[in-house]
Amino acid sequence: MGFSYFPHTDGDIREMLGRIGAGSLDGLYSDVPQECIFKGDFDLPEAMSEMEVRRRFAEMAERNRKLTVFCGCGAYDHYSPAVIPYLTSRAEFQTAYTPYQAEVSQGTLRYIFEYQSMITMLSGMDCSNASMYDGATAAAEAMMMSIACTRKKSRVLLSRTLLPQVIEVVRTYAGYHGVDIGYVAADGGVTSLADLQGQLGQDDVAGVLVPSVNRYGIIEDLSGFADAVHAHKGLLMVYADPSALAVLKTPGEWGADIACGDCQSLGLPLSFGGPYCGWLACRKDHVRKLPGRIVGETVDMDGKRSYVLTLQAREQHIRREKATSNICSNQSLMALYVTIYLSLLGKEGLREVNALSYGGAHYLYDSLLATGLFEPVFDRPFFKEFVLKSSLPAAELQQALCEGGFFAALATEEGYLSFCATEKRTREEIDALVACIKDFAHKMHERK
C-alpha cells in the first residue's frame, strides 16, 4: 500500500475503483488538469522528537504579538475561568459517536440540554437549538426560519445598525435561496421605527432582523417593533449579545419571535477568530422550523431521567434536501464551554461582568474625550463599546497602538473609530492606551 495510515487494503481499493469504473487511483483524478496537480516535494522539516516538536511550536507561538484588546465589533476579550479547559476534557462529556446514539451519549446530551436551558433563560424565548457555527450564520438561519414560517412571503428586512459581518453573511445565504433582502434605515445611530413601518405597508415582509446592542455599541430601544411587524403577519428577529442579556431587556421581553447571536462573549477565547458558537432560539410555535439539533428530556425503560435528540424529522440526516436546514450543527465542545462558563459565573457573576465592562467603557470614553482629540458621534446609551470621531489618521493610529501593545481604534465604514472595554481591562491599561494615543498625536503635530 502506498499510504501507511489508510485502513484500506489493496483489495479494498481495487473493489472501490471497479465499482465506479476507474482503472487506478490516478485515473480517479484524470479530469483534474495536470497543471493543477502538485508534483514537487513538500517543504516539510525532518522528523522530530516530542520535545523538539513542542519547542518548535513554542518558538512559532512567540512570534504572535500579544496585544491588549480594546476592540469589540462582535468578538470580545472577556475573562474565561482557568478551570473550563479541564472540565471540558472530562470523560463523561466525551463520546466516540455523535449524540444521535443516545445510549452512549448521555453526557453530551445532558450538557447540550443544559446549554439550551441557559440560552432560553438568557433570551426569554421558549426553545433553543444545540448551537450554530457563529453569530452570523445563526442570523442567516434565523432569516431562513422567518421565510419557512411565513411561507408565501420572500422578503426580509435587515437593520442597517447590525454588525457588517452579520449583514454580509445573511445576504450571501439569501442570494442562494431566492430571498429578497431590504434594509431598515438608521436614524441617529439606531434602527428607524418610522422607516420600518413605511416598508411593512407592502405586506411582503416575512421577517425583520434588528440588534439589541448595535454595531456602534448603542443599546437599541425596540419598543413598538414587534407590534409593527406582527400587524403585517411577519416575524421579529433580534440579534443579541447573550452576555449583555444578563442586564438588558431580553428578545422575549421585546416580543421577538426568533432570537440569535454569538456565544463568544460567554467566555470563549478570542483565539484569533474562532471557533465560536452561534445561538438560536424561538417561540414554541416555530420550534419545528428551528434548524440543528434539539435535545429533549425523557425517561428510559427503567423510569430514569435521560436525554435524547427530539423532532429529528426536521434534520438533514433524515429528510435530506427537504430538511429544515442543511447546516451541520456547531461542534458542541463550544456549547459545553459556554455551559460551564455560565454555571461557574451564575446570575450574579454575569451581572458583575457587565457592570465592570460598563464602568470601564465609560471611563475610557470620558478619558478619550478629555484629550481633545475625539468628539462624540451619538448621544445614545452605550454598553461596553462605542464610536467616536477623530481627525487622527486611523491606519497610522492603529499601527502606533500595535507598536505600543494595544489592539484598538478599529475604523468603521463611516470613518468613526470603535473602542471597547470588558471586565478584563484595568484602569491602568486604559490610562496607558490613552497615553499612547496622546503620544502619537504629539508626534504627528511635531512632524507638521
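The figures here come from the full heavy-atom set of this structure, side chains too, leaving out hydrogens, waters and symmetry mates.
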Steps toward side-chain hydrogen bond (donor to acceptor under 3.5 Å, both in side chains) verdict (D134, T137)
CA-CA 6 Å; D134 54 23; T137 49; 2.6 Å; yes
Applying side-chain hydrogen bond (donor to acceptor under 3.5 Å, both in side chains) to Y76 and E385, what does each step give before you reach the verdict?
CA-CA 10 Å; Y76 304 95; E385 60 186 322; 2.4 Å; yes
Would you check, one step at a time, whether the test side-chain hydrogen bond (donor to acceptor under 3.5 Å, both in side chains) holds for D257 with H230?
CA-CA 10 Å; D257 303 284; H230 293 159; 2.7 Å; yes
Yes or no on ring pair (Phe, Tyr, Trp, His ring centres under 6.0 Å) for F386 and H362, after CA distance, side-chain angles and deciding distance?
CA-CA 9 Å; F386 54 87; H362 281 259; 7.9 Å; no
Does Y363 form a side-chain hydrogen bond (donor to acceptor under 3.5 Å, both in side chains) with D431? I'd like the steps, not just the answer.
CA-CA 10 Å; Y363 176 69; D431 290 341; 2.6 Å; yes
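Judged by distance alone, the side chain of R380 and the main-chain N or O of G217 form no donor-acceptor pair under 3.5 Å. For the pair S105 (side chain) and A102 (backbone), a donor-acceptor distance under 3.5 Å is absent. Between the side chain of E352 and the main chain of L345, no donor-acceptor pair closer than 3.5 Å is present.
Salt bridge D126/K284: absent, no basic N to carboxylate O contact under 4.0 Å. Between E253 and K249 there is no salt bridge, since no side-chain N of the basic residue sits under 4.0 Å from a carboxylate O of the acidic one. A salt bridge links R215 to E414: at least one charged side-chain nitrogen sits closer than 4.0 Å to a carboxylate oxygen. Using a 4.0 Å cut-off between charged side-chain N and carboxylate O, D241 and K384 make a salt bridge.
With values rounded to the nearest 0.5 angstrom, L270 atom CG is found 5.0 Å from D77 atom CG. Annotation: the span from K152 atom NZ to D203 atom CG amounts to 13.5 Å, rounded to 0.5 Å. The distance from the OH atom of Y183 to the CD atom of Q199 is 11.0 Å, given to the nearest 0.5 Å.
Using a 30° and 60° split on the angle between ring planes, F406 and F70 fall in the tilted class, from 30° to 60°. In this pair, F382 and Y365 present their aromatic rings tilted. The plane angle is within the 30 to 60° band. Taking the six-membered ring where the residue is Trp, Y416 and F378 present perpendicular rings, their angle passing 60° and hence far from 30°.
Of all heavy-atom pairs spanning G404 and C436, the tightest one is CA-SG, 4.2 Å.
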